[in-house]
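This report concerns only the one structure given below.
Quick note on labels: first sequence line is chain A, next is B, and so on, each numbered from 1.
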Amino acid sequence: MNYWLMKSEPDEFSIDDLQLSKDQKTAWQGIRNYQARNFLRDQVKQNDLVFFYHSSCKVPAIVGLVEVSQAATVDMSAFDINSTYFDKKSDIANPKWIQVELHFMEKFNRPISLKQLKADPRLTSMVLVAKGARLSVQPVSTEEFEHIMFLSR
DNA sequence: GCCAACGTTGGC
DNA sequence: GCCAACGTTGGC
């Protein structure tokens, strides 16, 4: 079992959008960064737990917990010319981009802001708080996971 | 909206 | 394969 953090801009897709969706599941499409793609392809497994992070918004924060309901499959949005995630250099005979499926678990009563995460001495080695960390799919250690779950209660 | 940090592209 | 130029991310 591994733990992850995945970023989403709430204006695009928020934890509320996921909770209110029909089956509370979403295809996590549009990852167009190789490091993030490699995590999705090689390490993110079914039943892994994922912190849902809101980025590029008023209060950047971990806002909830989701579960990987399906491991890596091909992200077909790369071949959809009408998709915002269309990648004209992507070849359907040799798919490059990967998606997973996420399932809603909970929305935190107490979201944990980036400010709070940065200030916490137990979280100084989190990928998220590292300078210039832009990675949109990133690993979370067991210790970090448990501490953040504690903070959310 | 600014801009620092980072990733990608492409000329050489 | 280097690296300057460019594009993107994302906090502030």
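- For the residue pair A:Ser77 and A:Arg32, a side-chain donor N or O sits within less than 3.5 Å of a side-chain acceptor on the partner.
- Rounded to whole Å, the distance from CD on A:Glu12 to P on C:dT9 is 10 Å.
- Aromatic ring centres of A:Phe52 and A:Phe104: separated by at least 6.0 Å.
- Taking the ring centroids of A:Phe39 and A:Trp4, they lie under the 6.0 Å cut-off.
- Residue A:Leu128 contributes atom CG, which lies 10 Å from atom P of C:dG10 at whole-angstrom precision.
- In this structure, A:Lys89 reaches the B:dT9 phosphate: one of its side-chain N or O atoms is under 4.0 Å from OP1 or OP2.
- Residue-level contact check: A:Lys118 touches the backbone only, with heavy atoms under 4.0 Å from sugar-phosphate atoms and none from bases.
- Atoms CG (A:Asp87) and C1' (C:dT8) sit 15 Å apart, rounded to a whole Å.
- In this structure, A:Trp97 has its ring center closer than 6.0 angstrom to the ring center of A:Tyr34.
- For B:dC6, the OP1/OP2 oxygens have no side-chain nitrogen or oxygen of A:Tyr34 closer than 4.0 Å.
- Contact between the side-chain N/O atoms of A:Lys7 and the OP1/OP2 oxygens of C:dT9 is not found at any separation under 4.0 Å.
- If you check B:dA5, C:dG11, C:dG10 against the side chain of A:Arg134, the one that comes closest is B:dA5.
- Side-chain contact, A:Ser69 with A:Glu101: a donor N or O sits under 3.5 Å from an acceptor N or O.
- Across all strands, A:Lys58 comes closer than 4.0 Å to no nucleic acid atom at all (heavy-atom distances).
- Atoms CG (A:Asp11) and P (C:dT9) sit 14 Å apart, rounded to a whole Å.
- Rounded to whole Å, atom P of B:dC6 lies 7 Å from atom NZ of A:Lys131.
- Put simply, CG on A:Leu5 is 17 Å from P on C:dT9, counting in whole angstrom units.
- A straight line from CD1 of A:Ile31 to C1' of B:dG7 spans 14 Å, rounded to a whole angstrom.
- Atom CD1 in A:Ile62 sits about 16 Å away from atom C1' in C:dG10, given to the nearest Å.
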